[in-house]
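Each chain gets a letter, A, B and so on, in the order its sequence line appears, and its residues count up from 1. Note: hydrogens, waters and symmetry copies are ignored here, and every other heavy atom, side chains too, is used.
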Protein chains: 2
Amino acid sequence: MQSSDAPTRADADRPDPSRIERLCIERGLKMTGQRRLIARVLSEAEDHPDVEELYRRAVTLDAKISVATVYRTVRLLEEKGIVERRDFGGGRARYDPTDRGHHHHLIDVDTGKVLEFEDPEHEKLAQAIAKRLGFILVGQRLELFGRRAPAAPAARPPRPGKSRG
Amino acid sequence: MQSSDAPTRADADRPDPSRIERLCIERGLKMTGQRRLIARVLSEAEDHPDVEELYRRAVTLDAKISVATVYRTVRLLEEKGIVERRDFGGGRARYDPTDRGHHHHLIDVDTGKVLEFEDPEHEKLAQAIAKRLGFILVGQRLELFGRRAPAAPAARPPRPGKSRG
DNA sequence: CTACGTGCAAAGTGTTTGCACTGGG
DNA sequence: CCCAGTGCAAACACTTTGCACGTAG
């Protein structure tokens, strides 16, 4: 549904730049159609897609984009600090826009779903531990693997592909 | 469980079974020469070797062992809970005997060295967080990345990610 | 004795890259 | 207009697997 006073504008086949696209422009990246598209997909994602998933979503909007471009773009964005590469096991890297803020993850081992959380207490603790060991904390990774409260001692959950780690 | 004050009577032709070998036997694994060897290498390791490294060490003791066997054995041991698979970035899985006790890692981003540590406070916190989110904690991963001195390094430290040319 | 383990090489996966063409600034 | 970006397929690195043979139990 659109208001009748918003007719087709020549320039408007490109809607407002996405969050991530804006960041790209800020950092001086050349914005091609493909990058804009990937930026949009990332901006709209509320999960932690891997390259294959990004590609799947992108392809529905531009059938001729290639997976190599997704890899290249995602890597570029990582270098620019626009996304972070994650590894939740399963052998595929997953991507997480940094502008969502600092957070950690809880992975439901039965469904594979990923929950985000923050915990200031943990942040303090992590810094304290590093300090105790004689280090300055420059980064960290905390992942909790959990199972929904009522214990279900059934079979092993479907573990993802080849390498989990 | 066996109460063995007395050392298991040694088969005269074999040196004493390694820590890990004992665990393998306990879990009913068929002990071949190769498995015994890998068990020994793992028992003697004080670091977190990857498959290539395990293979390198094993080959010096049995020149005809194959890397496929190392992969198969290490996977078996993981399934039996005798080792844990880790991923510190770099695209290769690294292995950590579980009988060293529960611990986490601090990676020196400048040297790549890995320090182990424990922190009961963190354990409590992690469980509390999981509980708060409605989950029972079944596993977790905490990795701290730190730097020894405030002074800066030169170029890019060994970063996580796959091999790149 | 036999089911399982092993070595070898080939196949699988996820990711990167060389090359010729395209398009953004 | 020119160089960076792209698509394609081949190259890569790590890991798994099919097959024929060997061996622990």
What residues, two or more places apart in sequence or in another chain, satisfy side chain to side chain contact (heavy atoms under 4.5 Å, CB included) together with A:Y71? A:V51, A:V67
Which parts of residues 57-65 of chain A get close to DNA chain D, meaning a heavy atom less than 4.0 angstrom away? A:K64, A:I65
Between the main-chain N or O of A:R57 and the side-chain N or O of A:T60, is there a donor-acceptor pair closer than 3.5 Å? yes
Is any side-chain N or O of A:R35 closer than 4.0 Å to OP1 or OP2 of D:dA4? no
State which of C:dG7, D:dG7, D:dT16 makes the closest approach to the side chain of B:R75. D:dT16
For the backbone of A:E21 and the side chain of A:R36, can you confirm whether one donor and one acceptor N or O come within less than 3.5 Å of each other? no
Can you tell which of D:dT16, D:dG5, C:dT6 lies closest to the side chain of B:Q34? C:dT6
Check A:Y55 against A:I65 and note the closest heavy-atom contact, atom names and distance. CE1-O, 3.3 Å
Between B:Y71 and D:dT15, is there a side-chain N or O to OP1/OP2 distance below 4.0 Å? yes
Which parts of nucleotides 18-25 of chain C does protein reach within less than 4.0 Å, heavy atoms only, written one letter per nucleotide 5' to 3' as B for base, S for sugar-phosphate only and - for none? B----BSS
Any pair counted as ring pair (Phe, Tyr, Trp, His ring centres under 6.0 Å), so long as it reaches residues 21-42 of chain A, sequence neighbours left out: none
Tell me every residue that passes side-chain hydrogen bond (donor to acceptor under 3.5 Å, both in side chains) with B:R35, counting only those two or more places apart in sequence or in another chain. none
Sequence neighbours left out, what passes salt bridge (Lys or Arg N to Asp or Glu O under 4.0 Å) with A:E84? Give chain and number order. A:R86
Salt bridge (Lys or Arg N to Asp or Glu O under 4.0 Å) against A:K64, all qualifying residues, sequence neighbours excluded: A:D62
D:dG5 P sits how many Å from A:I38 CD1, rounded? 12 Å
Contacts of type salt bridge (Lys or Arg N to Asp or Glu O under 4.0 Å), residue A:E44, not counting sequence neighbours: A:R40
Nearest-Å distance, CD1 (B:I25) to P (D:dA24)? 13 Å
Quick note, B:T69 side chain, CB onward, closest among D:dT15, C:dG7, C:dT15 is C:dG7
Which nucleotide in the set C:dG7, D:dC8, D:dG5 lies at the smallest distance from any side-chain heavy atom of B:S66? C:dG7
In whole angstroms, how far is the P atom of C:dT15 from the OH atom of A:Y95? 6 Å
Could you pull out all residues at least two apart from B:E143 that satisfy side-chain hydrogen bond (donor to acceptor under 3.5 Å, both in side chains)? A:R141
Between C1' on D:dA24 and CG on B:L76, what's the gap in Å once rounded to a whole number? 15 Å
Report the residues that fulfil side-chain hydrogen bond (donor to acceptor under 3.5 Å, both in side chains) with A:R94, sequence neighbours left out, ordered by chain and then residue number. none
Donor-acceptor list for residues 114-122 of chain B side chains, cut-off 3.5 Å, not counting sequence neighbours:
unit_1, atom_1, unit_2, atom_2, d
B:E116, OE2, B:H48, NE2, 2.8
B:E116, OE2, B:R100, NH1, 2.9
B:E116, OE2, B:H103, NE2, 3.3
B:D119, OD1, B:E121, N, 3.0
B:D119, OD1, B:H122, N, 2.8
B:D119, OD2, A:R132, NH2, 2.6
B:H122, NE2, B:Q140, OE1, 2.7

Rounded to whole angstrom units, what separation is found between the CD atom of B:E78 and the C1' atom of D:dT16? 14 Å
Rounded interatomic separation in angstrom, taking CG from A:L77 and C1' from D:dG5: 14 Å
The helix from C:dC1-D:dG25 to C:dG25-D:dC1: angle between terminal helix axes, five bp per end, to the nearest 10 degrees, reads 40°
